[in-house]
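Note that ligands are numbered from 1 as they come in the structure, with each ligand's atoms numbered from 1 the same way.
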Amino acid sequence: MKLLKDKNILVMGVANKWSIAWAIAEQMYQAGAKITFSYFGDRSLRSLEKLTEDMKDVTFVECDVTEDKNIENTFAYLKEKFGVIHGVAHCIAHSKSDELKGKFYDTSREGYAMSHDVSVYSLIAVTKYARPLMTEGGVIITLTYYGGEKVIANYNVMGVAKAALDSSVKYLAFDLGKENIRVNAISAGPIRTLAGKGISNFDQMLKAFETKSPMGRLVDPVEVGKTALFLMSDLSSGITGEIIHVDCGYNIIGM
Ligand code: NAD
């Protein structure tokens, strides 16, 4: 039996084949989901069209999450097309690369606001508009990183944004639990993606991770995709407000 048969799922944040959102979408598609992709910019749309050439029943909708109107339009489109949705994978974050190096105290007011707007507030706004369409219950997942729990050099303002994202997951889970809408996050180990490469000394981060993690290797995006599938499916029906680490155990290490 396919775990997501007849489920309508929105995947937000595929920029290219390296995007974690793509690994998530592939797992969900194989599990029978009907996937709508929201994209940011024409370049992402072109990548998506190529990537999904062999997929059936996929649709695309443009959504820059910095405007409420765009989010509202995205869900109006989904309502018209499907009536009901069952899941959203929010895989979006952004910060200027200038902010992802040097001292945290040099974070600009504008950079702080922008990182939080795109990477945190968007989850709150997306949840607000997704909720009325989740009439059969639903699941919202987002992607976070260990730099929100502990200091990771250069991660700076994005670490603070991830801490806010982790907390938002819990508040949203509290709001929506009785409506059978679950909200969870996956804390992925470092993966070479467009967003990852924006972090200064990212290669060093990968090396340290590989050396110190109990499993002695990097995380494969497919592993994040499989955990997303678990969270999206009924297999995780009792789990909400949780941050699941898919990091080869890195977060358990003290020294
Ligand atoms: P990515 O660059 O492939 O994905 C980031 C996505 O955010 C892109 O699709 C981009 O178009 C989208 N985005 C940026 N600004 C947007 C806006 N205004 N409106 C709509 N979309 C916008 O990189 P990724 O690593 O796959 O990132 C996905 C998520 O995973 C992010 O939240 C990231 O912080 C998180 N994450 C990444 C890693 C890693 O090491 N790569 C580790 C843990 C968590």
Side-chain angles (χ1 to χ4, degrees), residues 10-26 37-48 51 60-71 73-74 88-97 99-100 113-123 125-126 141-150 152 154-166 168-169 185-210 213 218-225 227-228 243-248 250-251:
L10 174 67
V11 175
M12 313 181 80
V14 177
N16 53 44
K17 66 177 176 184
W18 294 283
S19 294
I20 301 174
W22 176 243
I24 290 175
E26 279 191 301
F37 291 92
S38 78
Y39 65 91
F40 175 53
D42 289 345
R43 197 183 250 192
S44 300
L45 176 61
R46 283 198 297 275
S47 295
L48 268 170
L51 285 167
F60 311 113
V61 55
E62 185 163 20
C63 186
D64 172 352
V65 294
T66 55
E67 296 285 340
D68 285 342
K69 194 77 207 147
N70 300 338
I71 299 175
N73 289 343
T74 298
V88 177
H90 170 276
C91 314
I92 291 173
H94 187 64
S95 181
K96 286 204 185 120
S97 50
E99 309 278 1
L100 302 177
M114 192 268 270
S115 312
H116 282 70
D117 187 24
V118 176
S119 320
V120 188
Y121 185 75
S122 62
L123 177 73
V126 161
I141 60 168
T142 188
L143 295 175
T144 188
Y145 180 58
Y146 189 55
E149 296 172 59
K150 301 282 178 188
I152 304 274
N154 298 313
Y155 202 56
N156 294 351
V157 68
M158 193 49 78
V160 177
K162 290 302 190 193
L165 183 73
D166 295 355
S168 302
V169 164
I186 297 173
S187 182
I191 293 171
R192 206 183 289 278
T193 63
L194 210 56
K197 283 192 275 185
I199 305 163
S200 184
N201 289 334
F202 188 67
D203 283 344
Q204 224 170 297
M205 209 159 139
L206 291 174
K207 195 81 221 144
F209 184 91
E210 210 172 356
S213 72
L218 295 174
V219 167
D220 186 325
V222 171
E223 295 174 311
V224 180
T227 304
I243 319 283
I244 298 189
H245 294 87
V246 181
D247 66 351
C248 296
Y250 185 87
N251 75 95

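Nearest protein neighbour of atom 40 (O) of ligand 1, counting heavy atoms only, is Ile191 N, 2.7 Å. Here the protein heavy atom with the shortest distance to atom 18 (N) of ligand 1 is Asp64 OD1, 3.0 Å. In terms of protein heavy-atom proximity, atom 9 (O) of ligand 1 is closest to Gly13 O, 2.8 Å. Protein heavy atom at the shortest distance from atom 31 (C) of ligand 1 is Ala93 CB, 3.5 Å. The protein heavy-atom contact nearest to atom 3 (O) of ligand 1 is Ser19 OG, 2.6 Å. The protein atom (non-hydrogen) at minimum distance from atom 38 (C) of ligand 1 is Ile20 CD1, 3.8 Å. The shortest contact between atom 29 (C) of ligand 1 and any protein heavy atom is with Leu143 CD1, 3.6 Å. Closest protein heavy atom to atom 25 (O) of ligand 1: Thr193 OG1, 2.5 Å.
Listed by number with element, the atoms of ligand 1 under 4.0 angstrom from any heavy atom of Cys63 are 19 (N), 20 (C). Annotation for ligand 1: atoms under 4.0 Å from non-hydrogen atoms of Pro190 are 40 (O). Within the listing of ligand 1, atoms 15 (N), 16 (C) sit less than 4.0 angstrom from a heavy atom of Val118. Taking every non-hydrogen atom of Val14 and a distance limit under 4.0 Å, the qualifying atoms of ligand 1 come out as 9 (O).
For Phe40, no nitrogen or oxygen atom sits less than 3.5 Å from a nitrogen or oxygen atom of ligand 1, counting backbone and side chain alike.
Between Tyr145 and Ile152 the shortest side-chain heavy-atom distance falls below 4.5 Å.
Heavy-atom separations between Gly189 and ligand 1 include at least one value shorter than 4.0 Å.
Closest non-hydrogen pair, Ala161 versus Ser115, comes out as CB-O, 4.4 Å.
Between Ser122 and His90, the side chains place a donor N or O and an acceptor N or O closer than 3.5 Å (distance only, hydrogens not considered). Checked by atom type, the side-chain pair Asp166/Thr144 shows a donor-acceptor distance below 3.5 Å.
Side-chain atoms of Lys17 do not come within 3.5 Å of backbone N or O of Leu48 as any donor-acceptor pair. Side-chain N or O atoms of Asn70 include one that pairs as donor or acceptor with a backbone N or O of Asp64 at under 3.5 Å.
Both the backbone and the side chain of Val65 come within contact range of ligand 1, each with a heavy atom under 4.0 Å.
Nearest to atom 13 (N) of ligand 1 by heavy-atom distance, out of Ile92, Thr144, Val11, is Ile92. The option from Lys162, His90, Glu67 that lies nearest to atom 32 (O) of ligand 1, judged by heavy atoms, is Lys162. When the options Gly147, Cys91, Ala195, Ala15 are ranked by their closest heavy atom to atom 6 (C) of ligand 1, first place goes to Cys91.
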*Intermediate values then yes/no, side-chain contact (heavy atoms from CB on, under 4.5 Å), Val160 and Asn156*: CA-CA 7 Å; Val160 177; Asn156 294 351; over 6 Å; no
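Put simply, the residue from Thr74, Val126, Ile92 that forms a side chain to side chain contact (heavy atoms under 4.5 Å, CB included) with Cys63 is Thr74.
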